[in-house]
Number of protein chains: 2
Amino acid sequence: MTKKFGPRERILETATRLFHSQGYNNTGINQILAEANVAKASLYQHFGSKDELGIIYLKEGREEWFSGIEQWTGAKKAPAQKLSACFDFLEYALQKDDYLGCKFINILSEVGNNSPLMFKEIIEHKGKLRQYMKGFVEKALEGNADVDADFVGDSIYLLYEGAIVESKIYRDTWPVKKARKMAEMLLKKV
Amino acid sequence: MTKKFGPRERILETATRLFHSQGYNNTGINQILAEANVAKASLYQHFGSKDELGIIYLKEGREEWFSGIEQWTGAKKAPAQKLSACFDFLEYALQKDDYLGCKFINILSEVGNNSPLMFKEIIEHKGKLRQYMKGFVEKALEGNADVDADFVGDSIYLLYEGAIVESKIYRDTWPVKKARKMAEMLLKKV
DNA sequence: CCAATTATAGACAAGTTTGTCTATATTTTT
DNA sequence: AAAAATATAGACAAACTTGTCTATAATTGG
C-alpha cells in the first residue's frame with residue numbers, strides 16, 4: 001500500500017499550494033522541496049521534471065474540482081437547481097482559496113503554448129466543465145421547443161467563466177452572485 | 001520633440017509584443033534589448049526597472065484598448081448598437097492578436113499581488129471597461145422601469161470577460177459571437 | 001535478518017535572471 | 001564649434017533556475 005503522507009504526496013500537496021498561490025513560474029523546485037521536507041532526488045524520482053509535476057498538478061486539480069462540484073449538484077434534484085449549485089460551489093471554492101482564481105486559466109497565462117501537455121489538460125478540463133453545465137441546461141429546458149438550449153447553455157458557461165476571472169480581479173463574490181442570478185433567469189423566462 | 005523611433009519607443013514596442021505573446025515572466029530584459037536593438041543602459045535610463053516597464057506596458061495597453069473601442073462604438077448611434085460594437089471590436093482584436101487573450105488578465109496570473117502598481121493598473125482598466133459598457137446598457141434600457149439595468153449591465157460585462165478568456169482557451173471566436181448574441185437578447189426582451 | 005528498494009543531504013553543472021557600472025561614441029543644443 | 005545630453009557595447013555581480021550525480025541513511029519485503 002502506498003503511504004498516505006510519503007514524499008510524493010507531500011510534494012504534490014506543497015506544489016499545489018504554491019503553484020496556485022504564487023504561480024507556476026514564480027515557484028522554484030527548491031522552494032517546494034524545502035517546504036515539503038523532501039530531497040531533490042525524490043522529486044525527480046516520482047516526477048520526471050517540473051513540467052510533469054505541473055501536468056499532474058492539473059490532473060489532480062481537475063479530479064478535485066469535479067469531485068467537489070458533483071457533491072454540490074448531487075444534493076439537488078431538479079436540473080435547474082443543479083445548475084445553481086454549480087455557482088454555489090464556485091462561490092464556496094473561490095472564497096476558500098482567497099480569490100486566487102482558476103488553476104487552469106492562471107497557468108495558461110504562464111505557460112502559453114510552451115507546454116502542449118499542460119494545454120491539453122486545460123482544454124480538456126474546460127471542455128468537460130462546459131459539457132457538464134450544458135447538460136443541466138438542456139434538461140432544464142427540455143420540452144421548451146422555442147428556446148435554443150445550446151445557445152443558452154454556452155451563455156451560462158460564459159457567465160460562469162467570467163465570474164471566475166472577475167472574482168479574482170475584484171476580490172469579491174459579486175460576479176458569481178450576479179452570474180448565478182442571470183443563469184437562473186435564463187432558465188425561467190427567456 | 002521626442003523622436004518617433006528612438007530607444008524608448010523601440011523598447012516599449014518590443015516589450016509589448018513579447019510580454020503579450022510570451023508572457024511577462026518568460027520575457028527577459030536581454031531579449032527585449034536584442035530585438036529592439038537598444039543598449040541595456042538605455043532601458044534603465046528610460047524605465048527604472050522591469051516592473052516599471054510592465055506598468056507602462058499596461059498603461060499604454062489601456063490607452064490603445066479604449067482608443068480602439070471608441071472608434072468602433074463611435075461609428076454607431078443607438079446605445080444598443082454601441083454595445084454590440086464593443087463585442088465586434090473584441091472579436092476583431094482577439095483575432096488580430098491570434099487569440100492571446102487579455103494583457104491585463106494574463107499578467108495578473110503571472111504577477112499576482114507581487115506588483116501592487118500593476119494590480120492597480122489592472123483593476124482600474126477593468127473597472128473603467130465595466131462602467132463603459134454599463135453606460136450603454138443603462139441608456140439602452142432607459143424608461144424600461146421593470147428591468148434592473150445594473151444587473152443586466154454587469155451580466156453583459158461578465159459575458160464579455162468570459163468571452164475573452166474562453167476565446168483564448170478554444171482559440172476560436174464562438175465565445176464572442178455567442179456572448180454578443182446573448183447581450184443583444186438581454187437588451188431586447190428581458 | 002538480510003537484501004532490495006526508497007529517501008536524504010547536498011555538491012555541482014550550465015544556464016538563466018535583473019540590475020550596475022565603465023568607457024566610448026553619437027546626437028543635440030547652445 | 002564647444003559643451004551637454006543621450007546612446008552604445010558589454011563586462012560583471014549576485015542571485016536564481018532546473019536537473020544530475022554521489023554517498024549515506026532509513027525503510028520495506030521475503
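Chain A is the first sequence line, chain B the second, and so forth, proteins listed ahead of strands; every chain is numbered from 1. Note: hydrogens, waters and symmetry copies are ignored here, and every other heavy atom, side chains too, is used.
- B/Arg10 has no side-chain polar atom (N or O) that falls below the 4.0 Å cut-off from OP1 or OP2 of D/dA7.
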Atom pairs under 3.5 Å, N or O on each side, protein against nucleotides 9-15 of chain C: can you list them with distances?
none

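- At a threshold of 4.0 Å, the pair A/Lys178-B/Asp150 counts as salt-bridged, since one of the basic side-chain nitrogens sits closer than that to a carboxylate oxygen.
- Checking B/Thr27 against B/Gln22 by side-chain atom types alone, a donor-acceptor pair falls below 3.5 Å.
- Taken residue by residue, residues 19-29 of chain B places heavy atoms nearer than 4.0 Å to DNA chain C at B/Thr27, B/Gly28, B/Ile29.
- Rounded to whole Å, atom C1' of D/dC16 lies 14 Å from atom CG of B/Asn30.
- A side chain to side chain contact (heavy atoms under 4.5 Å, CB included) with A/Lys103 is found for exactly one of A/Glu64, A/Glu60, A/Arg62, namely A/Glu64.
- Taking a 4.0 Å limit (strictly below) on heavy-atom distances, residues 42-56 of chain B reaches DNA chain D at B/Ser42, B/His46.
- The cationic group of B/Arg180 does not satisfy the cation-pi geometry with B/Trp174, failing either the under 6.0 Å distance to the six-membered ring centre or the 45° limit from the ring axis.
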Might you work through the salt bridge (Lys or Arg N to Asp or Glu O under 4.0 Å) test for B/Glu138 and B/Lys134, ending with a clear yes or no?
CA-CA 6 Å; B/Glu138 275 172 34; B/Lys134 285 178 82 172; 6.0 Å; no
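- Figure legend: B/Lys76 and B/Phe136 shown without cation-pi pairing, the cationic atom not lying both under 6.0 angstrom from the six-membered ring centre and within 45 degrees of its axis.
- The backbone N or O of A/Cys86 sits less than 3.5 Å from a side-chain atom of A/Tyr160, completing a donor-acceptor pair.
- Because its NZ or CZ atom is both nearer than 6.0 Å to the ring centre of B/Tyr170 and within 45° of the ring axis, A/Arg130 counts as a cation-pi partner of that residue.
- Summarising the geometry, the separation between CZ on A/Arg8 and P on C/dT6 is reported as 13 Å, rounded to the nearest angstrom.
- Of all heavy-atom pairs spanning B/Leu129 and B/Phe66, the tightest one is N-CZ, 3.6 Å.
- Between the side chains of B/Thr73 and B/Tyr132, at least one donor N or O lies within less than 3.5 Å of an accepting N or O.
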